Amino acid sequence: MEFIGISIDVFLITSTLALAAFGLAIIYGLIGVINMGHGAMLTLGAYLTWYFMSLNIPFFLCIIFSGIGVALVGIALEHFIIRKFYDRPFDTLLLTWAFFLITTEVIKIIFGTDFKNIEAPIAGAFEVFGVNIPAYRFLVCLFTIFLITISNIIFLKTDLGIKIRALIQNKEVAGLMGLDINLTYKAVFCFGSFMAGIAGGLIAPMLSIDPYMGNIYLVRSFFVVIVGGVGHLLSGTVIGSFLIGGTETLFAIFSDQVVSQASVFLLAIVLLRLRPNGIMNKKDV
Amino acid sequence: MFKYKKFNFIPIFVLLTFIPIIFKGYIVFILPQYILFGVLAMSLAFIWGNAGILSFGQASFFAIGGYTFGLLIKFFPVINHFFLGSLIVIFLGFVVAVITSYFLFSAGVKATYFVLATLALSILTEQLAVTKSTLTGGWNGLFVDRINIKVGDFTLLDLSGDVNFFYLILFISLITYLILNYLENNKIGKVLRGIRENENRMLAMGYKTSFYKTVAFGVSGSVAALAGALYAAHASFISPSIAGVLFSTEVVVWVAIGGRYSLLGAFAGGIIVSFLSNYLSTITPQYWQLFLGIIFIVTIIFFKDGLAGIFKKRYERNNIK
Amino acid sequence: MKKNKKNKSIVNKKISRRDVIKSIGYLAIGALASPALIRSAHAANPIKVGVISPLSGAWTVYGKAHIAGFELAVDEINAKGGVLGRKMELVIGDSKTEPRIVVEQANRLIRNEKVDFLAGTFSSAERNAAGPVVKALDKVLLYPTFYEGQEKEYHPGVCNKNIFMFGPEPTQQVWPHMEYMMNKFGKKFFMIGSDYAWPRVTNMVTKRKLKELGGSVVGEVYIPFGTPQYESVLRDIRKAKPDIIFHSLTGSDTVNFRQQFAAAGMKEDFALWTVDDEEVVTTGLGPKVSGNDYVSFDYFMSIKHPNNAKFLKNFRKKFGQDALMNTVGVAMYNAAHMAALAIEKAGKLDTASLRENLKGISFNDAPQGPVTMRKDDNQIIVPSYLMQVNPSWTNVGNMFNEVQSFQKVVPLAARCSLPL
């Protein structure tokens, strides 16, 4: 009984983490930008969702609009700033961190610093084997699975996906193949931001909305992507989330919260060392 | 790359020397803390500017130094706190840094991943400081009694007043600068810069790059720890937030603005930017971080070498004519 | 062992870099010194109060009510001519919700701004950080927030003759209502709080009374700041089968937990009693998450007392109809008025006489009803209210329903060497 409860919790945590990390997996994984502003994108998505909800737009549409909003911000960021620094990962790191600082302040100025909250569009919970699962959470998890599966199909099976993967493998060849590199990078950055915005909006009903909420997922997302394997969108993200989220849950059973959180980071560092290229050493996406 | 004129550190230190003479009161009290931030900034510039290793974890060494020093004073009243305590702190900072970096560098972990590991180190240190609350006081923080510098029973320097402590910290900063500068201009600095330019070539030439990187990070860690110890002694208080990610990133901002390739630039950057942000935050609590973020972005895009770089260019321009 | 002053003779006139660095340095220092210069130009001689408030950082949400209460009181005092013919003036320091910044600000306000006394800091950690500073520099600190009580080991953050507590401690905030809650729901407590001094000591003090009344603790969990997911805690709660969840989480963690608690449908199975979530947090939670939960403080906006009606009217006139006030803001309000009364009584203003005259002083216009500062241990004597959140509230006006209240709750004597 206990085991089922734990398994369900691990499932919920893993999928939430995977959802939060997915946007970063795209940006960092595919085009190598260490997006320290990822947390800010999540936060922005949450605030935009809150804003659209206050206009009485249905939740589902709010999410889409938030995604678009963050994608637009992402495109602006890419076009005016990031674009010139693709071959300099440290600079993109710093620039995206500056983006985080500025975005957070702008959010504080526009939306104020009060706690905001969004009610879950689907209330209630249902029981599975004596464990209460919040209905909304469960749906978000299903959606995450759907999302990752679709992305997997796009990147592995479609023409566009193959081209993008080719680009990552070898920039010069991709150029020869007639791919517009700049456009592709832009598209990927845009898509990653879009995903971060959506993730922020979907997670919003589960958390308190404050200017720093996204950053809770920042470091965790990075470890998910790195541990899972940079560039392995599907398997990497899922496995990384499972390892990071799962171990945190497991540790929490045996000790207190602080120790479990600290242990997860320690574990991530150890994994980093053992497998510097990530758990998934295969070259596939 | 950049050749340093031998005595260009003098103006800054002279300027600082005259402060307690000209001004009295509060600024003599608070400036040493900013000077220590300058030293912390130098610890980052040493590895970032030379080896190209960015660290978001300097705050954790700062905190390790501060907490160790404070705990030594609290639990071991008998030992010579200043000399022995400083040595312990420097040693501890070095060891922790070396263990962490060796663990990662020896496996060939890329510099970009290393950054994230240092980020995690900050988080870990902060959690440690919070959770071991019976030892560290947790979020309440740790109070550190003011001590004097003693040799046996003889008081070498009374640190209860602001002025003496000010000059002590200034003196230690100067020594630290000279040591780091010396390292930079000699073999280890050259090897590190070679690693930054092309690590594979250095490896091919027979250098054990992970060894050099580890030692450099160790030096950086011990400098940061010493700065932290002095800070705790001076401010009489240290709390977990000083170990955390936010403070670590502040250090990066100081060095980026001051100039990562210049120890003096980083030193000045640490002092000026931290002072400025504290000052601005009292005037405009809402907008100062926005200004700082914008300055930061502008610096990264247009002034990669920071303030020091700007002055360097003017100097070179002046000299050419 | 003074540092040798280096020779200034090595100066190359062509190099402008050093000069620029120097000028920036001088400018910066001038800026630092300037407030002192500007102040001496002012004619009037106001009473300066240094207020340390969390205006940025993790607890910005609490900063507004915190400082608003003090500002309102100062306006009222100045409207009546000030204190001893002098106006009161606020000098504000932002604590950024960080204890080490509090130390800096306290030093700056006292040494640089030369304030007459301090008011504020918000969390216990912040107050404890200010403790040694106000002790060493001998200035009074008026501390407003509900807190964990004074235990000797936390001196000089507590048990400090210069620090006056204007908020309730657990023997006032929790003890009076335990019997009611236990009779209604049962004797098994599950304690969940943030990981720092206030929740830990509050729980410790609560446990004392709990044992007395025959209750038991079936779980005790401390959550580090910034924890987003509470699955494991919720599972622990279900396993332990408590009757009452005794809640002392703060900041965004309290919102995260309570939202997930409600989403998991656990509100039907367990009663939740919080000693931390006042108007500001409850507003952020929404009625679905917060409805039917129990809250206890010395003040709520919903209290029906003639003083409160008058207070709220003035408060809303100054800050707007939607502005939020809470126990902490009101404590700041009371503190300002009581300090003014003490100074008037003393006839002069210095730390020793302020200290002596604050002891035992009463303030009859406090929004929650008359309050008194106890002589021996600097602890205020306030009412204690147990409220239940209205499940269909729409604004602060109809947010809480009173369950029971006690007008004057005498707290346990502080666990210090008394008198302070």
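Being a predicted model, the structure only gives us computed values, none of them experimental. Each chain gets a letter, A, B and so on, in the order the sequences are listed, and its residues count up from 1.
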Minimum-distance pair of heavy atoms, taken over all atoms of B:Leu54 and A:Leu93: CD2-CD2, 4.0 Å
Neighbour count above 12 (heavy atom, 6.0 Å) for A:Tyr51 OH: no
Euclidean distance, B:Ile300 CD1 relative to A:Asp91 CG, rounded to 0.5 Å: 7.0 Å
B:Gln289 CD to A:Thr104 OG1 distance, which is reported to the nearest 0.5 Å: 8.0 Å
Closest non-hydrogen atom pair between B:Leu290 and A:Glu105, with its separation: N-CG, 3.6 Å
Neighbour count >12 (heavy atoms, 6.0 Å) for atom OH, B:Tyr207: no
Heavy-atom contact with chain A under 4.5 Å, split by part of B:Val130: neither
side-chain contact (heavy atoms from CB on, under 4.5 Å) between A:Phe85 and B:Ile301, intermediate numbers included: CA-CA 9 Å; A:Phe85 295 92; B:Ile301 300 179; 4.1 Å; yes
Closest approach of B:Gly52 to A:Phe90 (non-hydrogen atoms, all atoms of both residues): O-CE1, 3.3 Å
A:Ser263 OG to B:Leu124 CG distance, which is reported to the nearest 0.5 Å: 8.5 Å
Heavy-atom pair count under 4.5 Å with chain B, highest-scoring of A:Leu95, A:Leu101, A:Ile34, A:Val219: A:Leu95
Which atoms of A:Leu94 approach chain B - backbone, side chain, both or neither, heavy atom under 4.5 Å: both
Point-to-point distance, once rounded to the nearest 0.5 Å, from CZ of A:Phe223 to OH of B:Tyr113: 11.5 Å
side-chain contact (heavy atoms from CB on, under 4.5 Å) between B:Phe56 and A:Met36, worked out: CA-CA 12 Å; B:Phe56 270 99; A:Met36 295 290 275; 4.3 Å; yes
B:Phe247 CZ: over 12 foreign heavy atoms closer than 6.0 Å: yes
Side chain / backbone / both / neither for A:Val270 at chain B, heavy atoms under 4.5 Å: both
Closest non-hydrogen atom pair between A:Ala98 and B:Gly293, with its separation: CB-O, 4.1 Å
Segment of B:Leu119 engaging chain A (4.5 angstrom heavy-atom cut-off): side chain
